[in-house]
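These values consider heavy atoms only, across backbone and side chains, with no hydrogens, waters or symmetry-generated copies.
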Amino acid sequence: MLRAGTAVACVACRSLASPRMGVRFRVPLQKLHPLSRALHHCYSAPPCPAHRTAARYFSSLSRPLLRPRRVPPGGGHSYQQQRSFWVARLAARLLKLRYILLGSAVGGGYTAKKTFDEWKDMLPDLSEYSWVVPDFVWELNEHFDLEKIANALPDLEELAKLMPDLEKVGENFAFLKTLLSNGVGVGSEVAGASGLRLLLESTGEPTFKATDSQGSESSEKQFKKTTDKEKADQLQEELLRTQMKYQRMLERLEKENKELRKVVLQKDDKGIHQRKVKKSLIDMYSEVLDILSDYDSNYNTQDHLPRVVVVGDQSSGKTSVLEMIAQARIFPRGSGEMMTRSPVKVTLSEGPHHVAMFKDSSREFDLSKEEDLAALRHEIELRMHKSVKEGKTVSPETISLSVKGPGIQRMVLVDLPGVISTVTTGMAADTKEAIFSMSKAYMQNPNAIILCIQDGSVDAERSIVTDLVSQMDPQGKRTIFVLTKVDLAEKNLASPGRIQQIVEGKLFPMKALGYFAVVTGKGSSNESIDSIKDYEEDFFQNSKLLKNGMLKAHQVTTKNLSLAVSDCFWKMVRESVEQQADAFKASRFNLETEWKNNYPRLRELDRNELFEKAKNEILDEVISLSQVTPKHWEAILQKKLWERVSTHVIENIYLPAAQTMNSGTFNTTVDIKLKQWTDKQLPHKALEVAWETLQEEFARFMAEYKGKDQDDIFDKLKEAVKDESIKRHKWNERAMDSLRVIQHNALEDRSITDKPQWDAAIQFMEETLQTRLKDTDSVIGDMVGPDWRQRWMNWTNRTPEQHVRNETKNELERLLKLHEDHTAYLANDEVTTVRKNLEARGVEVDPVLIKDTWHQLYRRHFLQKALFHCNLCRRGFYYYQRHFVDSELECNDVVLFWRIQRMLGITANTLRQQLTNTEVRRLEKNVKEVLEDFGEDTEKKVHLITGRRVQLAEDLKKVREIQEKLEAFIEALHKEK
C-alpha cells in the first residue's frame, strides 16, 4: 500500500470535481474517506522499480546460469561423469520448486488477511446505534424460522425488479455534480443539512480548496455574466430545492418505515408470536419516576433522575409544542386563561396504535378518534381541578399519562403550569410564588433537561422564564431553547435580525445546548396535527429567515426538536442512572440497619400491610360476637333493661298504685300506666339497651383480643372503626313495632302458674325494694349529714344546711309515727305546722325544703312497709290461686313484679334473637364498609396508623422497589446497547 499523506492527488479524486468549478484543490490523503484512499492508491501509485521478489532469494531458478563446462578432449570418462549426475540435479531442482509453491501460498494468505483487515477497519462501527432499533426486532429471531424465511425469499430476477432505478440515481448525482460546479463555498451554505453535508464535504475539510488554475479562469468568466448577488441567490435557491427534494425523499422513506413497523407491532399485539409481554425501556423508566413521585410529593433532592421539564410563560405555546411531539391534541385549551394547573408527566413511547392511558386507569383513549380526544382532554381537566385544594389555584400533585404511537420519540416530559407575572382576579394570592417554587423544584434537579419555551410573537424583553432558567442552569449545559410562533414573529417584527439573535443565543443572557424555531399552527384549537405539520413545513419552505441564512435547516420544525430532545434525554439517562441507583442502594442499607437495631423481631410491614393485618383482627373480633351464648345475651339484656326502667316502674307505676285503698283500684291504675308506658317509652328503651349491649360486647371482645400479643399501633385505628361503625348502624325500624306488641301481651298476663314463679317474683320484688331502700338511706344521709358516731370517729361536723335538714327530718318522723298510713303528700296545713314547730326551736326552714325532706322520708317508710308485706306474701300463693277470697292478705304488688319480670325475660329473648340473627351481621357489614372506606382513604390511614416504625417500613419498601426497578432498567439499557 502507498504511504498516507501523498501530496499528489490521484486521477479518481480529481475527477470528482469538474475543472469548470473555477477552483482547484489539493486534498491530503489523510483527509480522504477510506474508500477514496483505496481508489487514490490504485490510480496514483507511481510505477514501481524493479525489485527482487521472494522468489529471487529462495528459488534456485532465479540464479544466473552456470558456465558451460568444457569437455576434455577424448571425451570418455568426462562424459560419463557428466551423464551420471544430471538426474540428481533435476531431482534437486524439482524439490526446490516445492518450496517456491509453499512460500507463494504463505505470502498470498498473509497478504489476503492483511487486505481483509484493512477493509474491515474502513467499515463504520454500527454497534453504537443499535438502540435505535426497537426491542421487538432483536426478539424476532426467537419466533421466526430463518431457514423457512430464506427458502421463501424470491429469486434474484424478482429482486432485481424491486431494486431502485440506478439510472435515476445517476441522474441525481449528475445534477448534484453540476450544482457543485456552479460556485464556490457551497459546503458552508448547507452546514445545517446533515444528509447533503456528507455528500458535499470530506471527513475533515469544511470547504474545498483551489487546486486548479483552469477552474479559476472559467469561474471568472461566469462571474462576468452575472453579479455576485444574483449568483448567491441562484445558489441559495438551488440549494433549498435540493434540500427539500432530499427532505421529501427522507420523509417518504420514514413514512414507509413507520407503516412497516406499525404492521409488525400490530401483528405482535394480536398475539401471533405468542410471546411474553415485555415492557419497553421508557415504560420501565416511567414506573420509577411514578414511584418516586408517590414516595416524596415534595420532590426529594435525592431524586436526580433525568426528565424533560417543560417551562415557559403562560400562553407561550408550551402545551402546543408538547402536543406536536406527542402527535395529538391531548391537553385542554383556553384563550389566555390558565389551563395547566398541576404538573402533567407524559411518557412517550412507540406502539402499534396511537393511544393514551392514565397511570391509575385501565381505559385506553384512541387518539385517532375525536370523541376519545375530547374525553381525554375533559378527564385531564377534571383531574387538575380535583388535585387543586380549596383556596388554591395550582397543585403540586402530578398527573401521570402515557402516550404510545408509531414513530413517537421515546422520552419522559413534565409539563408545568405557565409562569405568570401578575395574579389576576380569581387566583389565589400565592399563585405566582407557588408556580415559581414548583418550577424551581423541578429544574433544580441537576440531571433534568430544561425545555424553555419562548413566545416569538411578543417582545423578548417581556419574557420571565428566561431569567428563571438562567438562574437554574447558568452554563446552559442542560437547557434547550424553543422559539414558538415564528410565523407571527416574521410577520410582525420590523427587524428579522432579532430572531437570528434569539436562535443564536445572543439576545438573552441565558445559555443553551441548542436553539430551535417552531410553528405550532395558526392559533385555532380545531386544527389537526397533520394540518399543523403541513403548515409548518410550507412556512419554513417559503420563509425568508431560512432563505437568508438566519435560520439553519436543523434548527426548525418540531420534528427536529423532538429528535434532539430525545437524544439529549437518553444521553443524560445513560450518564446518570447508575449513579442514582448507587445512591438508593446506600439509602436502603441505612434504613435496613436502623430497622435491625430497633425492631429486630418484627416483620417489615408497611402501612398498607399493617392496615390489612388490623382489618383481619377487627373482623375476627366481630365474628366472635356470634359465638356468645344465648343465655349470656339474655342475662345481660335483662339486667341492663331493668336498670334502665326500674326507676320509672317504682316511681311512676308502683308507688302511685300503692296509694290506692283497695286491690281493684290498684290493678286498674297499674294496667293504665303499663299500657301508656308500653306505647310510648318501653320499646324504644329496650332497643337502646340492646344497641348499647352490642357495643359493650364488641368493645369487650376487642379488649380481650388486645391482651393476646396485640400491637398497640392498632389501638387508634380500632377505636375509630368502632366509633364509625356504631355511628352508621341503625336498628331495624320494624323491630320496634313487633317488640311493642310482644311487650304489651307479656304485661297483660297475670296468671302465675306455679309456686317457683311466685317465689321468683317475691325474690325479684324483695331485691328491688332493698336496693331502693339502700339508695334512699344514702340520700337521706347526705341530706342530714353524719350522725353522732361518724362525727366522733371521723371528726366531722354538719353544715348549717344539714343541721336544718336534720331538725326537719326529726319533726317529720314524729309525724309518721303518729300517722303510719299517711299519704305520699303533705297537706298545706301540715307543712305550716311543721314549720312553726321548727321556728319554735329556733330553726328557720323553707316549705320547699320540708316537702323535699318528706318525699325521701315517706319513700323510706313506704319501702320498709313494702318489704314487710313482701315477707308476708311468701306463703300467699295459695290465696292467690283462690283470688284472695276470704283472706285479709292481698299480694297484688307481687303479681305486678311478676308481670314486670316476665316482660323483661320475654323482651331479652326477643332482643337476643334480633341481635344474633340480624344486628350482629349488620354490624359486621358496617365494620367491613368502614374498613373499606378507610382503606381507600390514604390520609385516614396515615392519621390512624402512625409512628417511626411505620414510616421506616414505608421508606424501606419504596427504596427497595425503586432500586430493583432501576437495576432492571439498567440491565435492559445495557442489553439495548
Side-chain angles (χ1 to χ4, degrees), residues 127-128 130-131 135 278-309 343 345 347 349 359 398 400 410-414 440-450 472-479 513 565-600 603-607 948-977:
S127 62
E128 298 180 357
S130 61
W131 60 271
D135 297 340
K278 181 180 179 182
K279 292 183 179 178
S280 63
L281 270 179
I282 193 65
D283 290 334
M284 297 170 65
Y285 186 75
S286 180
E287 285 184 358
V288 176
L289 297 183
D290 288 336
I291 297 173
L292 282 173
S293 177
D294 297 336
Y295 175 56
D296 191 351
S297 58
N298 295 326
Y299 198 81
N300 194 335
T301 54
Q302 190 179 9
D303 175 17
H304 290 165
L305 291 176
R307 69 263 282 163
V308 181
V309 180
K345 182 176 75 68
T347 303
S349 59
K359 178 190 70 173
T398 304
S400 184
R410 306 178 301 170
M411 67 184 91
V412 177
L413 303 103
V414 181
K440 288 182 179 179
Y442 276 91
M443 289 190 292
Q444 280 175 352
N445 179 2
N447 296 322
I449 301 169
I450 304 173
M472 296 295 103
D473 185 23
Q475 302 299 325
K477 295 181 179 180
R478 51 189 180 90
T479 301
L513 284 173
V565 174
S566 178
D567 292 342
C568 188
F569 169 76
W570 284 107
K571 179 182 178 182
M572 190 72 76
V573 168
R574 289 184 172 88
E575 291 176 353
S576 62
V577 67
E578 294 187 0
Q579 182 181 359
Q580 294 302 307
D582 293 339
F584 281 106
K585 186 181 296 183
S587 299
R588 174 179 176 177
F589 175 79
N590 296 336
L591 294 174
E592 288 177 344
T593 304
E594 182 180 354
W595 183 273
K596 291 178 182 178
N597 293 330
N598 295 323
Y599 313 103
R603 287 192 301 146
E604 300 169 2
L605 300 179
D606 60 8
R607 183 172 283 107
R948 176 56 187 166
R949 169 185 158 193
V950 182
Q951 190 60 44
L952 186 59
E954 285 281 311
D955 295 343
L956 263 173
K957 178 184 177 182
K958 292 293 184 182
V959 170
R960 283 173 179 165
E961 187 177 9
I962 293 170
Q963 182 193 354
E964 291 172 0
K965 289 188 177 295
L966 271 179
E967 289 178 351
F969 171 75
I970 293 172
E971 182 180 357
L973 189 65
H974 290 328
K975 288 182 179 180
E976 189 183 62
K977 290 182 180 180

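- Applying the ring-ring contact (aromatic ring centres under 6.0 Å, His included) rule to Tyr599 yields the partners Trp595; only residues at least two apart in sequence or on another chain are considered.
- Atom CD of Glu961 is separated from atom CZ of Arg588 by 11.5 Å, given to the nearest 0.5 angstrom.
- Between the side chain of Gln963 and the backbone N or O of Lys585 there is no donor-acceptor pair closer than 3.5 Å.
- Of the possible donor and acceptor atoms, none in the side chain of Asp567 sits under 3.5 Å from a partner among the backbone N and O of Lys571.
- With respect to the salt-bridge test (charged N to carboxylate O, under 4.0 angstrom), the residues Glu971 and Lys975 qualify.
- For Glu967, the salt bridge (Lys or Arg N to Asp or Glu O under 4.0 Å) criterion is met by no residue, not counting sequence neighbours.
- A donor atom on one side chain and an acceptor atom on the other are not found under 3.5 Å apart for Lys359 and Thr347.
- Side chain of Asn447 to backbone of Met572: no donor-acceptor contact under 3.5 angstrom is found.
- Counting heavy atoms from C-beta outward, Lys345 and Ser286 have side chains that approach closer than 4.5 Å.
- The distance from atom CZ of Arg307 to atom CD1 of Ile450, rounded to the nearest 0.5 Å, is 12.5 Å.
- Scored by the salt bridge (Lys or Arg N to Asp or Glu O under 4.0 Å) test, Arg478 finds no partners at all (sequence neighbours excluded).
- The side chain to side chain donor-acceptor pair (under 3.5 Å) check on Arg948 picks up Glu594, with sequence neighbours excluded.
- The closest donor-acceptor contact from the side chain of Glu954 to the backbone of Arg607 lies under 3.5 Å.
- A donor-acceptor pair under 3.5 Å is formed between the side chain of Thr593 and the backbone N or O of Phe589.
- For Lys957, the side-chain contact (heavy atoms from CB on, under 4.5 Å) criterion is met by Asp606, not counting sequence neighbours.
- A heavy-atom distance below 4.5 Å is found between the side chains of Met472 and Lys440.
- In this view, Phe969 and Tyr285 satisfy the ring-ring contact (aromatic ring centres under 6.0 Å, His included) rule, not counting sequence neighbours.
- Checked by atom type and distance alone, the side chain of Ser349 never pairs as donor or acceptor with a backbone atom of Arg410 at under 3.5 Å.
- Rounding to the nearest 0.5 Å places CG of Leu591 at 5.5 Å from CG of Asp955.
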